[in-house]
Amino acid sequence: MATFALVDCNSFFCACERVFQPKLRTHPVIVLSNNDGCVVSRTKEAKDLGIPMAVPFFKIKDVVRRHGVAVFSSNYGLYADMSHRVMATLTDLAPALEIYSIDEAFLDLTGTKDLWGYARHMARRVLKDTGIPVSIGLGPTKTLAKVANFVAKKVGQDGVFDLTDPAVREKILPLVPCHEVWGVGRGFTKTLANMGIASAWDIAQADPKRLRKAMGVVGERLCLEMQGVSCLSLEDAPAARKSVISSRSFGHPLQDKELVRKSLQEHVGRACEKLRKSGLTAGHLTIFIQSNRFVRTGMPHTHAASHTRVLATQHTPDLAHDADMLFERIWRENIPFLKAGVMLCELKETSLPPANLFDTRDLKSQQRLMTTIDLLTKRYGRRTVSFASTLIKKEAIPTWHMRSNHHSPCYTRRWKDLATVR
DNA sequence: TCTGGGGTCCTAGGACCC
DNA sequence: TCTGGGGTCCTAGGACCC
């Protein structure tokens with residue numbers, strides 16, 4: 001029988017900040033989403049103060065001030081670099097691994113002797129090599145490994161919990177509520193409740209056919225996985241991505257047409273950069289602008305438009321031109337907009353030869369230009385070179401760019417931010 | 001004053017084909 | 001007058017994940 005491990009970093013973003021500020025080790029810490037909007041990571045100490053996950057920052061400012069909670073804006077560069085370190089250590093310990101998210105990986109530990117001992121060894125090694133504490137869940141399926149991880153965070157010894165033994169499952173699963181199970185969100189919790197299913201154990205005891213009827217194949221798979229029948233295997237190669245999104249909230253509401261247009265142009269630039277990095281071209285572009293979705297006006301909050309291209313591209317000016325055309329269609333005066341973004345779909349591998357007989361583009365020189373711009377951006381930072389269509393006055397930038405008032409130094413990316421040891 | 005950003009998968013229903 | 005069986009493709013929307 002297969003054995004999966006799910007390794008999950010504890011309060012990952014907070015843990016990354018703590019690595020470089022050890023004095024915060026026993027201190028409550030939270031990390032905010034982009035634009036300093038919501039809490040996306042919190043330590044146990046912060047949780048104990050009653051700070052919920054995903055709460056808007058402005059609602060907890062009082063608690064934060066009273067208890068001197070350390071607050072950070074998200075520093076994704078730092079978290080990505082720390083994630084690589086953790087994953088590199090894990091790869092060393094168990095070669096068959098699937099990186100599931102920035103702070104989680106599934107490992108195939110089938111055939112490992114002394115499973116529990118090995119998991120403890122892994123957790124200690126990751127902490128020693130990277131400074132990041134992890135929890136490890138063990139189970140015969142991915143879903144059970146996930147549940148085991150949830151339990152490990154509550155009662156695990158040394159951050160490890162093992163659900164490979166059916167007798168242990170019979171004791172523990174009744175204590176785990178449905179909505180803690182991987183794949184069960186708000187909607188399915190309701191569906192399950194209506195069927196009299198409340199705990200993880202209830203899911204495991206249910207008839208897979210019955211769950212299929214109520215929730216489709218997802219429900220049937222969920223049920224089998226909870227019974228210990230593995231339906232989800234370890235994915236060795238990451239799946240090719242199907243879309244690229246770049247979007248952001250503005251720091252403040254915007255009614256200035258030119259500023260909104262330029263923010264979209266910048267998103268096109270960022271999205272194309274991602275495209276080129278993955279060696280892909282896009283055949284379909286969607287742009288959108290959004291007003292405040294928390295204010296009920298009876299009007300739609302999102303204004304969007306799409307365009308399918310005859311020739312797929314990764315060339316920024318091509319898509320910038322399309323975006324501008326679409327923007328004229330969706331722009332409305334006198335609406336304060338809060339967010340803008342672009343989405344690229346119908347992604348294909350880049351192929352240098354012309355796509356068809358009528359393709360007269362000079363792809364080689366297009367590519368040379370973009371490669372050069374990408375290189376300059378990488379070496380000297382964003383806005384070293386820009387398209388004229390994205391240029392805006394310096395004064396406008398603060399109103400447009402997101403808030404990020406608690407950003408930590410770029411310890412892993414900037415020489416002048418390197419930590420000093422005394 | 002203030003509420004993130006980036007993704008995937010599944011289903012149902014309609015249009016259309018032979 | 002009768003009106004099967006099998007299939008594909010597309011889209012919108014819902015559900016979920018971190």
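This is a predicted model, so every value here is computed, not measured. Note on naming: letters A, B, ... go to the chains in the order of the sequence lines (proteins, then strands), and numbering restarts at 1 for each one. The figures here come from the full heavy-atom set of this structure, side chains too, leaving out hydrogens, waters and symmetry mates.
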Open item on the list: Can you confirm whether more than 12 heavy atoms, excluding those of A:Arg413, are under 6.0 Å from its CZ atom?
Closed with: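 Counting neighbours around CZ of A:Arg413, more than 12 heavy atoms of other residues, nucleotides or ligands fall under 6.0 Å, so yes.
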TODO: Return yes when atom CZ of A:Arg379 has more than 12 non-hydrogen atoms of other residues, nucleotides or ligands closer than 6.0 Å, and no otherwise.
DONE: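 Count not over threshold, so no.
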With sequence neighbours excluded, tell me which residues meet side chain to side chain contact (heavy atoms under 4.5 Å, CB included) with [X].
X        : answer
A:Lys257 : A:Arg261, A:Phe327, A:Glu328, A:Trp331, A:Glu333
A:Val69  : A:Pro28, A:Ile30, A:Leu49, A:Ile51, A:Val64, A:His67
A:Asn34  : A:Ser74, A:Tyr76, A:Arg248, A:Met402

Task: Test salt bridge (Lys or Arg N to Asp or Glu O under 4.0 Å) applied to A:Asp202 - qualifying residues, sequence neighbours left out - done: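 Result, salt bridge (Lys or Arg N to Asp or Glu O under 4.0 Å) vs A:Asp202: none returned.
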Task: A:Arg414: salt bridge (Lys or Arg N to Asp or Glu O under 4.0 Å) partners, not counting sequence neighbours - done: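 Checked A:Arg414 against salt bridge (Lys or Arg N to Asp or Glu O under 4.0 Å); matches are A:Asp417.
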Open item on the list: Taking the ring of A:Phe337 and the ring of A:His303, is the distance between their centroids below 6.0 Å?
Closed with: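 Yes.
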TODO: For residues A:Trp182 and A:Phe106, establish whether the separation of their ring centroids is below 6.0 Å.
DONE: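 Here the rings of A:Phe106 and A:Trp182 have centres that are less than 6.0 Å from each other.
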What is the separation between atom [atom1] on [X] and atom [atom2] on [N], rounded to the nearest whole Å?
X        : N     : atom1 : atom2 : value
A:Phe250 : B:dC2 : CZ    : P     : 15 Å
A:Leu232 : B:dC9 : CG    : C1'   : 12 Å
A:Phe288 : B:dG6 : CZ    : C1'   : 10 Å
A:Asn35  : B:dC2 : CG    : C1'   : 9 Å
A:Glu220 : B:dC9 : CD    : P     : 19 Å
A:Arg241 : B:dC9 : CZ    : C1'   : 17 Å
A:Phe58  : B:dG4 : CZ    : C1'   : 14 Å
A:Arg403 : B:dG4 : CZ    : P     : 10 Å

Task: Residues from residues 39-47 of chain A lying under 4.0 Å of DNA chain C - heavy atoms - done: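 Here the set is empty: none.
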Task: Pairing string, 5' to 3', for DNA chain B - Watson-Crick or wobble contacts under 3.5 Å, brackets [ ] where pairs cross, | to another strand - done: ....||||||||||||||
TODO: Could you work out the separation of C:dC18 and B:dT3 based on their P atoms and round it to a whole Å?
DONE: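 C:dC18 and B:dT3 have their P atoms separated by 24 Å.
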TODO: With sequence neighbours excluded, give me every salt bridge (charged side-chain N to carboxylate O under 4.0 Å, His left out) pair touching residues 134-153 of chain A.
DONE: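 For residues 134-153 of chain A, and leaving out neighbouring residues, the salt bridge (charged side-chain N to carboxylate O under 4.0 Å, His left out) pairs sorted by first residue read A:Asp8-A:Lys153, A:Glu98-A:Lys142, A:Glu104-A:Lys146.
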Task: Smallest separation among heavy atoms of A:Ser306 and A:Arg329, with atom names - done: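 Smallest interatomic distance, heavy atoms only, reads O-NH2, 3.8 Å.
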- [ ] Identify the two heavy atoms, one from A:Val244 and one from A:Ala271, that lie closest to each other, and give their separation to 0.1 Å.
- [x]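 A:Val244 and A:Ala271 have their closest heavy atoms at CG1-O, 3.8 Å.
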Open item on the list: Let's see if you get this right: which residues in residues 330-345 of chain A place a heavy atom under 4.0 Å from DNA chain B?
Closed with: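 Nucleic-acid contacts, sorted: A:Lys339.
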TODO: Could you check which residues of residues 63-83 of chain A get a heavy atom under 4.0 Å from DNA chain B? Sort them by number, please.
DONE: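 DNA chain B contact set from residues 63-83 of chain A: none.
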Basic-acidic side-chain contact under 4.0 Å: [X], [Y]:
X        : Y        : answer
A:Arg85  : A:Asp129 : no
A:Arg241 : A:Glu349 : no
A:Asp92  : A:Arg125 : yes

Task: Heavy-atom check, side chain of A:Val19 versus side chain of A:Tyr411, under 4.5 Å - done: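 Of all side-chain heavy-atom pairs linking A:Tyr411 with A:Val19, none is under 4.5 Å.
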Below 3.5 Å is the cut-off: list the nitrogen or oxygen pairs between protein and nucleotides 14-18 of chain C, distance only.
from	atom 1	to	atom 2	distance (Å)
C:dC16	OP1	A:Gly185	N	2.8
C:dC16	OP1	A:Gly185	O	3.2
C:dC16	OP1	A:Gly187	N	3.2
C:dC16	OP1	A:Phe188	N	2.6
C:dC16	OP2	A:Arg186	N	3.2
C:dC16	OP2	A:Gly187	N	2.9
C:dC16	O5'	A:Gly185	N	3.4
C:dC17	OP1	A:Gly183	N	2.8
C:dC17	OP1	A:Val184	N	3.3
C:dC18	OP1	A:Lys146	NZ	2.6
C:dC18	O3'	A:Ser101	OG	2.9
C:dC18	O3'	A:Asp103	OD1	3.1
C:dC18	O3'	A:Glu104	OE1	3.1

Open item on the list: Over all strands shown, is A:Phe294 touching base, sugar-phosphate only, or nothing at heavy-atom distances under 4.0 angstrom?
Closed with: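 If one applies the 4.0 Å heavy-atom cut-off, A:Phe294 turns out to touch a base.
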Task: Side-chain N,O (A:Ser249) to OP1/OP2 (B:dG5) below 4.0 Å - done: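 Looking at the OP1 and OP2 atoms of B:dG5, one of them is under 4.0 Å from a side-chain N or O of A:Ser249.
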Task: A:Lys242 vs B:dC9: side-chain N/O to OP1/OP2 distance below 4.0 Å - done: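 Answer is yes, contact under 4.0 Å.
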Task: Toward the 5' end of DNA chain B, by each residue's nearest nucleotide, A:Asp36 or A:Arg270 - done: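 Its nucleotide being nearer the 5' end, the pick is A:Asp36.
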TODO: Tell me which of A:Cys38 and A:Ile245 sits closer to the 5' end of DNA chain B, going by the nucleotide each one is nearest to.
DONE: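 The answer here is A:Cys38.
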Open item on the list: For the residue pair A:Thr143 / A:Arg221, report whether a side-chain donor-acceptor contact shorter than 3.5 Å exists.
Closed with: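 Note: A:Arg221 and A:Thr143 side chains miss the donor-acceptor criterion.
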Open item on the list: Does either side chain, that of A:Asn149 or that of A:Ser135, offer a donor lying less than 3.5 Å from an acceptor on the other one?
Closed with: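 Looking only at side-chain atoms, A:Ser135 and A:Asn149 do not form any donor-acceptor pair under 3.5 Å.
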TODO: Would you please test A:Leu280 and A:Gln314 for side-chain contact (heavy atoms from CB on, under 4.5 Å) and show each step?
DONE: CA-CA 7 Å; A:Leu280 297 169; A:Gln314 55 171 201; 5.8 Å; no
Give me the distances for all protein-to-nucleotides 10-13 of chain B N/O pairs that come in under 3.5 Å?
from	atom 1	to	atom 2	distance (Å)
B:dT11	OP1	A:Val217	N	3.2

